[in-house]
Structures are given as structure tokens and as C-alpha cells.
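What follows is a set of notes on a single structure, which appears directly below.
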2 protein chains.
Amino acid sequence: MGNKGESNRQLIVKAADQLFYTRGYHQTSFRDISDATGIPRGNFYYYFKTKDDILNAVVEARVEVYGDILKDCEQKSTDPLQRLLCFSNMLSKFEDNLIVAGCPIGTLCSELAKYEADLQEVSRAVFSLMRDWLVKQFAALNYSDADNKAMDMMARMQGITVMASAFGDRDFIHRSLKELQDWINSLRLN
Amino acid sequence: MGNKGESNRQLIVKAADQLFYTRGYHQTSFRDISDATGIPRGNFYYYFKTKDDILNAVVEARVEVYGDILKDCEQKSTDPLQRLLCFSNMLSKFEDNLIVAGCPIGTLCSELAKYEADLQEVSRAVFSLMRDWLVKQFAALNYSDADNKAMDMMARMQGITVMASAFGDRDFIHRSLKELQDWINSLRLN
DNA sequence: GTCTATATGTAGATAGAC
DNA sequence: GTCTATCTACATATAGAC
């Protein structure tokens, strides 16, 4: 009794994840996902009742993936400041994708914020995950306004990706990441 | 010979502008625009050949509108620093809209960046307008890296709107705007 | 579980009467 | 210039054979 079904389900989620990112949620059709996976359109409804259900599964998968990234940053150092630097390095690590399609999380939230409150709440989950994690790091640095710092850092990174994507400007990412990391390093003394 | 035709055209552009903002470009149908204006769908093709042409007209209209905002900031003060503060005040002025639908320019660029290079280039026009204007102000403050400063300021504002919209957080806008304006004021001495 | 065929709605776009 | 009727394509979703 294998996991063939589960495997197909995972294939769909994986392809949808990528397509929702590179084309947007509404601009991704079942046909697109079918083409990417080789799985017939009609088959999707065996695994998911609606397209929105696929979105839910994609967000769950992303929570998993970004949770792993955060865990990785935790394992590489016990120093909160080093962990923040590790987090900020996502800008460099995913640079190629950020330039062409922006931040997967930010652009999804922006798309779904537009008069689709239910879906937007779903998409916000990954942001919340990161925010909570960042709060922990800033709290460990003895900042009483840890949540403010977390929001500030996320806003900075989002702003960088929006502008870098709008102008296709890799150098802007490099320079901004450096400045962001200077800012992080300046938080040591508290 | 009246301007009745022109007036209808303007009605379409105005409604499309609003809908592209609150619902997104792809999520806005001719039916939506028809419902908003009372103008029959088939009639649109008398004024525009394609939906993309409507987008072009909308972006042109926005260039006009934001150009006026920039002119207004110029007229209110000859001091570049005051002008920058005036520009930043858009975050407060448009707060209600930013919370529910993000930045009209940023979200359009993000949406159209997704594998639609032609459309993205069109949408970038308003960003370019602002960027050039900001460069002038920073240059007037004797910054040799005026373009970097302009990009930094726009990135900050974009990041603020993305996070405020994602979390529906008005207070974050208020606090961030204050910090942004502190930053602007700190640029006096150069 | 997997697939084809199809239902139903709506998208952008066109034709042609008035 | 304005409007209705309609075309073609494709969207999500369903039915039912295998």
C-alpha cells in the first residue's frame, strides 16, 4: 500500500507552490499545474476539493520549508545576532528568484489582500511564523520592543525585494543587504 | 462636438484605475468595469483595443496624478528636506487604502513582474517618476549617492506598506512613518 | 486511484444593427 | 458613437468509466 497517492499529492503541491510564486495564485490554472506534473486536471479533485484547498496545502508546505530555514539558523549559532544575520542572508540565497518574481510570501500576501480576506489570512501564516521567530531573537538581545524590531526587519527586507524586483536591480539587493547587516550588527550593544 | 466620448473614456480609465488597485489587474474583468461605470462591455473596444491598452491608460493617469502630488510637495517648500517629508506623508494620507490593498504602484509592479515583462515595464513608470524626483531632492541636499538614497527611501516605504497590509496594522504605519521622518530629518547635516 | 469527457460559468474580444 | 448579441477560449469543477 504505498504512498503513491501521497506522492502525487506532494507533486501537485510542489508544482503549485512554484507556479503560485512565479505566476501568481490567480494566474495559475489547473492546466498549468497539470502540464507541470503530467497529472490530469480532473485528478486534482481526488486530492483537493477546491483551488483554495491547494493554496492551503501550499502555505502549509511553505510553513514547513521556512520553519526548516529558521531551525537551520538556530542550529548554526546560539547567538541571536548571528541568527538574525543568517535570516537576512535569505536575500542573497534567493536573489535570483527575488529579482524576477519578488518575495514568495510578500507577493502572495499582497495578491490575496485584495478583497479576499479569507485567503489573505491563510497566506499570512508564513509571515507570522517569521515574525514570531524574529521576536524571540530580539527578545534574547534584551530588546523590550522586540516585536517592533521584528516588524522593522521584515519591512526592510520586503521593501528591498519590491524595489529590486520592480527595477530588476541585483546591485540594490547587495548594497541593501550589507546595510541591513550593518544595522543588525549595531544591535549588539543593548 | 462635445467631449462626451472623451468623458466616457475617462470614466473607464478612472474605474479601471480603482479596480486594478482594489482587486488587482488580472482579477478585474471588463464586466467589473462595466458594472462600475454603466458602460456596456462591448463599448470598451471603441476606446481601447485590448485590456493591456486600458492598463497603459491607467498608468498614464497615475503618472499624471502622482506627478501632481510631487509638484504639490515642490510648491509647499523649496527646502528639499521638507519636500521629502511631504512625500513621506503619503503613507499617512493614503493610510486607509494602504491597509486594505497595499501600495497601488508597488502591488501592481509585483503582480505584473510575474512573467509578464512587457506589462511590468509599463507599471514601473510611476516608480521611475518618483525615483527621479527623489534623486533631485537628495542631490539638492548634496548627497553624491542621491540615487541610492532615493531607492532606500522608496524601499522603506514599500516595506512599510507590505507589512502593514499583511497584518492590517495601522499602528505600524504610524510608528514607521515617524521613524522614516526622523531619518529624513537626520539628513539635514551633510 | 486514475483518467476522459463534459458541465457550467466567465474571460477577452468581435460583429453588426441602430 | 452606442449597444446587444455572440464568438472563442479557458477557468473551475463534476460525472462516471475503468
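None of the values given here were measured: they were computed from a predicted structure. Here is the naming used below: chain letters follow the sequence lines, and residue numbers restart at 1 for every chain.
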Counterpart residues, side-chain contact (heavy atoms from CB on, under 4.5 Å), relative to [X] (two or more places apart):
X     : answer
B/V63 : B/V59, B/A125, B/V126, B/L129
A/A36 : A/A15, A/L19
A/D35 : A/R31

For D/dG1, does OP1 or OP2 lie under 4.0 Å from any side-chain N or O of B/N8?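 For D/dG1, neither OP1 nor OP2 has a side-chain N or O of B/N8 closer than 4.0 Å.
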Does B/Y46 place a side-chain N or O at less than 4.0 Å from the phosphate oxygens OP1/OP2 of D/dG1?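 Answer yes for this pair, as a side-chain N or O of B/Y46 is under 4.0 Å from OP1 or OP2.
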Pair B/D132 + B/K136, salt bridge at N-O below 4.0 Å: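 Answer for the salt bridge query: no.
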Mind running a 4.0 Å heavy-atom check of residues 110-124 of chain A against DNA chain D and sending the residues that fall below it, in number order?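 Residues of residues 110-124 of chain A under 4.0 Å from DNA chain D: none.
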Within residues 77-162 of chain A or reaching into it, pairs that qualify as disulfide bond (SG atoms under 2.5 Å apart) - sequence neighbours excluded: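 Applying disulfide bond (SG atoms under 2.5 Å apart) to every pair that reaches into residues 77-162 of chain A, excluding sequence neighbours, yields A/C73-A/C86.
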Taking atom C1' of D/dC3 as reference, at what distance in whole Å does atom CD1 of B/I39 sit?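 So the CD1-C1' distance, B/I39 to D/dC3, works out to 12 Å.
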Interatomic distance, B/I12 CD1 vs D/dC3 P [rounded to whole Å]: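 My rounded result for the distance is 11 Å.
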Please list, one pair per line, the donor and acceptor atoms closer than 3.5 Å that link side chains of residues 152-166 of chain A to other protein atoms, with sequence neighbours excluded.
unit_1 : atom_1 : unit_2 : atom_2 : d
A/D152 : OD1    : B/R175 : NH1    : 3.1
A/D152 : OD1    : B/R175 : NH2    : 3.3
A/D152 : OD2    : B/R175 : NH1    : 3.2
A/T161 : OG1    : A/Q158 : O      : 2.8

Residues forming a ring pair (Phe, Tyr, Trp, His ring centres under 6.0 Å) with A/Y25, sequence neighbours excluded: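 Testing A/Y25 for ring pair (Phe, Tyr, Trp, His ring centres under 6.0 Å), a comparison that skips the adjacent residues, returns A/F20.
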Set of residues satisfying ring pair (Phe, Tyr, Trp, His ring centres under 6.0 Å) with respect to A/F30, sequence neighbours excluded: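 Checked A/F30 against ring pair (Phe, Tyr, Trp, His ring centres under 6.0 Å); matches are A/F44, A/Y45.
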Each nucleotide of nucleotides 11-18 of chain C classed B (base within 4.0 Å of a protein heavy atom), S (only sugar-phosphate) or -, in 5' to 3' order, makes SSBB----
